[in-house]
Amino acid sequence: MNHSIPLAERIRPRNLDEYVGQEHILGPGKPLRKAIESGMLPSMILWGPPGVGKTSLALLIAEVSKRQFHNLSAISAGVKDLREVLARPSGLFPPILFIDEIHRFNKSQQDALLGAVEKGKVTLIGATTENPSFEVNSALLSRCQVYILEAFGQEELRCLVDRALSEDELLKTLPIEVIGTDSLFRHSGGDGRKLLNLLELVILAQQGNDPIKIDDETVESLVQKNFARYDKSGEQHYDIVSAFIKSIRGSDPNAALYWMARMLVAGEDVKFIARRMLIAASEDIGLANPTAMMVANACMDAVMKIGYPESRIILSQTVIYLATSPKSNAAYNAINHAMEVAERTSHLPVPVDLRNAPTKLMKQIGYGKGYKYSHDYPGHFVKQDFLPEDLKGFKFYQPGENARENEIKKNLKNWWEEWYGY
């Protein structure tokens with residue numbers, strides 16, 4: 001297999017109908033599509049996350065409009081490169097100057113563009129992953145139309161995979177069987193280039209197999225993460241730390257003191273012990289007794305100031321307090337659940353009414369519109385949606401059964417009865 005050219009490059013769209021996604025600006029009758037098809041192109045900034053087709057769109061615009069196309073990367077190009085491009089003769093229509101990662105241009109580089117854009121010598125297409133309100137000079141930004149490209153959803157990602165397998169001259173000749181794509185989509189994070197690179201990696205890893213299987217297990221085995229393990233004195237070190245934490249969690253102050261004493265007499269760093277208790281104060285006690293976090297943090301601060309052997313007294317006081325505190329792992333479970341869902345849904349956009357709108361451009365495109373300021377309402381509360389539409393109603397936090405969280409539970413029921421009605 002000749003894979004010197006990446007798959008993502010091999011299956012770039014050849015016309016607007018092959019372009020995947022961005023229907024909100026490229027669908028029939030949408031403004032950018034009309035501009036492209038009419039040939040009346042404004043200078044523009046394409047703003048969106050990596051791998052959503054900014055470069056492909058710029059190339060298509062040049063192809064459809066039959067204009068000269070000059071490509072510069074803001075990472076390597078300077079003012080001299082810009083001036084050389086701008087000095088080249090053009091045809092009947094101004095050439096397209098595509099600048100990838102335009103946010104990396106400094107003020108003088110952006111100023112060098114301004115005159116050419118203003119006089120119509122070039123049609124600028126800038127691509128950026130950063131908010132152009134902050135990263136592009138206001139003078140240049142005012143002369144460009146900003147188009148926002150969105151991360152790919154599952155439908156677009158599936159379309160990319162189908163296209164690659166059915167149209168790529170190399171892949172369509174192979175005996176490929178698609179069993180599952182959930183892991184493939186999850187690891188892509190809405191990035192089409194990343195998706196295609198991973199798809200090609202999975203296929204190349206199975207060269208000679210019949211069939212070549214695309215499934216979650218194979219994908220996971222190829223992208224598995226390797227975590228470095230801290231090791232001070234071998235397996236027993238970790239066993240004793242484990243017993244220490246489990247004794248605190250199990251509300252046994254005597255066992256917790258014993259395992260801590262084992263660590264102390266073995267010469268364990270007192271700061272390590274204090275750090276472990278600080279983690280336990282949040283993981284195993286949490287909102288059942290928020291003061292535990294402050295006690296553990298004060299312990300951490302004290303042992304750093306005092307040192308051993310006197311710090312053993314502070315450690316003893318803290319471990320007894322933690323072991324005899326009420327327990328809740330609700331906060332621990334909540335963040336784990338939220339991170340697991342976040343890994344699968346990182347492509348979901350922030351609802352428009354919740355977005356920050358510090359600039360005129362962002363206000364014009366609707367950022368912050370419709371947001372209700374809670375302090376303007378009785379009890380400093382008004383019901384509104386804060387999660388993406390696809391996650392509406394998700395409950396990451398389930399209050400524990402203890403006095404403190406029973407009070408939290410009452411408040412949540414008053415505010416969000418449909419979720420915490422019990």
Side-chain angles (χ1 to χ4, degrees), residues 8-73 85-86 88-102 113-114 116-129 132 136 140-153 155-164 166-168 190-193 196 349 352 361-362 364-366:
E9 188 66 31
R10 298 200 304 266
I11 66 162
R12 277 196 191 276
R14 294 159 294 186
N15 54 60
L16 286 173
D17 292 331
E18 288 186 358
Y19 189 86
V20 174
Q22 317 309 335
E23 288 291 315
H24 61 293
I25 55 173
L26 286 172
K30 295 298 182 180
L32 182 53
R33 181 155 192 147
K34 289 170 70 175
I36 295 169
E37 292 176 340
S38 69
M40 303 297 291
L41 294 171
S43 285
M44 66 188 78
I45 304 291
L46 303 177
W47 170 25
V52 295
K54 297 186 290 294
T55 302
S56 291
L57 182 54
L59 289 166
L60 277 178
I61 290 172
E63 178 66 27
V64 173
S65 63
K66 306 298 181 186
R67 298 196 192 187
Q68 293 179 31
F69 184 82
H70 304 306
N71 187 354
L72 291 178
S73 171
V85 169
L86 296 176
R88 294 173 188 171
S90 60
L92 182 62
F93 295 102
I96 289 172
L97 174 57
F98 176 65
I99 300 180
D100 196 15
E101 306 215 49
I102 193 171
L113 275 171
L114 186 58
V117 171
E118 192 170 40
K119 294 174 183 176
K121 288 185 175 181
V122 295
T123 297
L124 172 66
I125 301 180
T128 180
T129 56
V136 179
L140 182 58
L141 188 62
S142 68
R143 290 161 175 79
C144 297
Q145 179 66 48
V146 176
Y147 294 104
I148 302 172
L149 279 66
E150 298 172 350
F152 290 134
E155 185 178 339
E156 289 86 3
L157 294 173
R158 187 170 289 107
C159 183
L160 284 173
V161 170
D162 291 344
R163 259 197 75 213
S166 63
E167 298 182 17
D168 181 65
D191 182 328
R193 186 186 306 108
L196 294 171
V352 174
L361 165 68
M362 297 164 80
Q364 287 174 344
I365 59 179

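Index from 1, following the sequence. Note: hydrogens, waters and symmetry copies are ignored here, and every other heavy atom, side chains too, is used.
- With contacts defined as side-chain heavy-atom distances shorter than 4.5 Å, the pair L140/L124 qualifies.
- Ion pairing between a basic and an acidic side chain is recognised when a charged N comes within 4.0 Å of a carboxylate O; E118 and R143 show such pairing.
- Judged purely by atom type and a 3.5 angstrom limit, E37 has no side-chain atom pairing as donor or acceptor with the backbone of K34.
- Not counting sequence neighbours, the partners of T123 by the side-chain hydrogen bond (donor to acceptor under 3.5 Å, both in side chains) test are R67.
- Atoms OH and CD1, from Y147 and I25 in turn, are 7.5 Å apart once rounded to the nearest 0.5 Å.
- Taking a 6.0 Å sphere around CD of Q364, one finds it holds more than 12 heavy atoms contributed by other residues, nucleotides or ligands.
- A side-chain contact (heavy atoms from CB on, under 4.5 Å) with T128 holds for exactly one of V136, I45, D100; it is I45.
- With respect to the salt-bridge test (charged N to carboxylate O, under 4.0 angstrom), the residues E9 and R193 do not qualify.
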Criterion side chain to side chain contact (heavy atoms under 4.5 Å, CB included) on S65 and I36, from CA distance to verdict: CA-CA 7 Å; S65 63; I36 295 169; over 6 Å; no
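- Using a cutoff of 4.0 Å between basic side-chain nitrogens and carboxylate oxygens, E63 and K66 are scored as salt-bridged.
- The minimum heavy-atom distance between D17 and R33, with the atom names listed, is OD1-NH2, 3.1 Å.
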Would you be so kind as to tabulate the donor-acceptor pairs closer than 3.5 Å made by side chains of residues 51-58, with sequence neighbours excluded?
| residue | atom | partner | partner atom | Å |
| --- | --- | --- | --- | --- |
| K54 | NZ | G48 | O | 3.1 |
| K54 | NZ | P49 | O | 2.8 |
| S56 | OG | R12 | NH1 | 2.6 |

Derivation and outcome, side chain to side chain contact (heavy atoms under 4.5 Å, CB included), residues I99 and I125: CA-CA 6 Å; I99 300 180; I125 301 180; over 6 Å; no
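- With a 4.5 Å cut-off on side-chain heavy atoms, V64 and N15 do not count as touching.
- Looking at heavy atoms from C-beta onward, I96 lies in side-chain contact with L41 at the 4.5 angstrom threshold.
- Between H24 and K30, the closest side-chain pair of non-hydrogen atoms is not below 4.5 Å.
- Between F69 and L59 there is a side-chain heavy-atom pair separated by less than 4.5 Å.
- No side-chain heavy atom of R158 sits under 4.5 Å from any side-chain heavy atom of F152.
- Between L149 and Q22 the shortest heavy-atom distance is CA-OE1, 3.3 Å.
- Here CE of M40 is found 8.5 Å from CZ of F93. Values are rounded to the nearest 0.5 Å.
- Put simply, CG on L113 and OG on S43 are 9.0 Å apart, with the number rounded to the nearest 0.5 Å.
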Side chain to side chain contact (heavy atoms under 4.5 Å, CB included) between Y19 and L26, intermediate numbers included: CA-CA 9 Å; Y19 189 86; L26 286 172; 3.4 Å; yes
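- I148 places a side-chain heavy atom less than 4.5 Å from the side chain of I365.
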